[in-house]
Amino acid sequence: MIRLLLLLMTGPTYVQQFCITVVAGVSSPFVLYDIALEAATFFIDNQQQQVNQHNLMVNFRLSCIVPIVNRCVQMFVHFINNRLYHIHSPNDHEDFINLVKSSRHAFSMMQTGHLQFNEILTTINRSKACKKDLWQKLNTALSLPP
């Protein structure tokens with residue numbers, strides 16, 4: 001993140017270049033989410049606009065940020081599917097639920113993210129690895145405010 005902070009101080013051209021290259025080099029959906037959020041916020045500040053949900057959503061669609069958002073969501077889907085098949089006990093439920101809850105924020109950065117998030121939930125529910133108690137805990141966790 002220090003590198004991103006340095007780029008933010010150097011200007012929009014460097015931030016755009018960083019956004020383009022980060023997609024190939026980062027596989028953590030959590031880091032990608034943070035980078036997308038910081039870059040979107042930077043471009044709002046750079047345009048001397050107020051940071052709010054609407055301006056963030058507009059900036060998540062900038063050509064230099066879209067690939068980060070797409071890769072972030074792709075990696076969350078990969079992590080969710082991987083973790084789902086590695087749940088061996090109820091003790092693993094909390095980690096899995098937290099992962100799904102975190103992914104909801106990434107999906108919200110996309111225009112059709114709500115639909116895609118619901119598709120992931122459907123996939124989880126239909127999975128043989130998702131037992132009834134896990135599904136109930138997940139629904140309860142997702143119904144609570146973030």
Side-chain angles (χ1 to χ4, degrees), residues 1-9 12-46 51-146:
M1 285 304 171
I2 294 172
R3 183 173 179 185
L4 181 58
L5 292 173
L6 291 173
L7 290 170
L8 294 175
M9 292 186 292
T13 304
Y14 293 99
V15 173
Q16 288 174 340
Q17 197 66 33
F18 177 77
C19 289
I20 292 167
T21 58
V22 77
V23 174
V26 177
S27 62
S28 167
F30 301 100
V31 173
L32 290 165
Y33 175 81
D34 287 343
I35 291 170
L37 186 60
E38 287 297 320
T41 303
F42 167 78
F43 286 112
I44 290 171
D45 290 342
N46 194 51
V51 177
N52 59 37
Q53 189 65 28
H54 171 73
N55 289 337
L56 280 172
M57 292 307 293
V58 168
N59 282 2
F60 287 142
R61 293 182 186 90
L62 291 174
S63 62
C64 63
I65 298 177
V66 167
I68 299 172
V69 172
N70 290 339
R71 177 80 168 146
C72 176
V73 167
Q74 177 188 28
M75 293 311 296
F76 266 119
V77 169
H78 175 74
F79 277 35
I80 288 169
N81 287 327
N82 189 24
R83 288 289 299 149
L84 180 60
Y85 291 102
H86 289 91
I87 294 176
H88 302 296
S89 71
N91 295 335
D92 298 327
H93 290 184
E94 187 175 336
D95 287 340
F96 180 75
I97 290 168
N98 287 333
L99 176 62
V100 174
K101 285 174 59 177
S102 295
S103 75
R104 180 170 48 180
H105 298 293
F107 279 94
S108 72
M109 293 189 296
M110 301 176 70
Q111 196 166 5
T112 60
H114 180 71
L115 296 173
Q116 291 178 352
F117 184 72
N118 285 336
E119 288 175 15
I120 293 299
L121 293 179
T122 301
T123 301
I124 292 169
N125 188 24
R126 290 181 180 165
S127 168
K128 290 180 183 180
C130 183
K131 306 296 183 208
K132 186 177 181 179
D133 59 331
L134 174 60
W135 182 247
Q136 288 175 339
K137 289 177 185 177
L138 181 59
N139 276 322
T140 301
L142 291 174
S143 67
L144 300 173

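Nothing fancy with the numbering, it's 1 onward along the sequence. All values below come from the heavy atoms of this structure, side chains included, with hydrogens, waters and symmetry mates left out. Here the structure is a predicted model, which means the values were calculated and not measured.
- Across every non-hydrogen atom of C72 and M109, the tightest pair is SG-CE, 4.3 Å.
- Rounding to the nearest 0.5 Å gives a distance of 9.0 Å between CG of L138 and CG of N125.
- Side-chain atoms of S127 and Y85, non-hydrogen and from C-beta on, do get closer than 4.5 Å to each other.
- To the nearest 0.5 Å, atoms CD (E38) and SG (C19) are separated by 11.0 Å.
- Among all heavy-atom pairs drawn from A129 and L84, the shortest one is CB-O, 3.4 Å.
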Check: Checking side-chain contact (heavy atoms from CB on, under 4.5 Å) for the pair D95/I87: CA distance, chi angles, key distance, verdict?
Finding: CA-CA 9 Å; D95 287 340; I87 294 176; over 6 Å; no

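- With rounding to the nearest 0.5 angstrom, the CD1 atom of I120 is 12.0 Å from the CZ atom of F76.
- For the pair H88/D92, a side-chain contact is recorded, criterion being any heavy-atom separation below 4.5 Å from C-beta on.
- Side chains of H86 and N82: a donor on one and an acceptor on the other come within 3.5 Å.
- Taking every heavy atom of both residues into account, V73 and M110 meet most closely at CG2-SD, 3.3 Å.
- I35 has its side chain within reach of F18: a pair of non-hydrogen atoms, C-beta onward, lies under 4.5 Å apart.
- At least one side-chain heavy atom of S27 sits under 4.5 Å from a side-chain heavy atom of R71.
- The two residues P67 and S63 make their nearest non-hydrogen contact at CD-O, 3.2 Å.
- L37 places none of its side-chain heavy atoms less than 4.5 Å from the side chain of H105.
- Residues I80 and S103 meet the side-chain proximity criterion, which asks for heavy atoms closer than 4.5 Å.
- Between L121 and V100 the shortest side-chain heavy-atom distance falls below 4.5 Å.
- Note that CD1 of I68 is 9.0 Å distant from CD1 of I20, once rounded to the nearest 0.5 Å.
- From T112, atom OG1 reaches atom CZ of F107 across 9.5 Å, with rounding to the nearest 0.5 Å.
- The distance from atom CZ of F96 to atom NE2 of H93, rounded to the nearest 0.5 Å, is 9.0 Å.
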Next item on the list: Could you check V69 against R61 for side-chain contact (heavy atoms from CB on, under 4.5 Å), going step by step and ending with a plain yes or no?
Entry: CA-CA 9 Å; V69 172; R61 293 182 186 90; over 6 Å; no

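- Two residues are said to be in side-chain contact when any heavy atoms from C-beta on lie closer than 4.5 Å; F30 and L99 meet this criterion.
- Atom CD of Q111 has 12 or fewer neighbouring heavy atoms from other residues, nucleotides or ligands inside a 6.0 Å radius.
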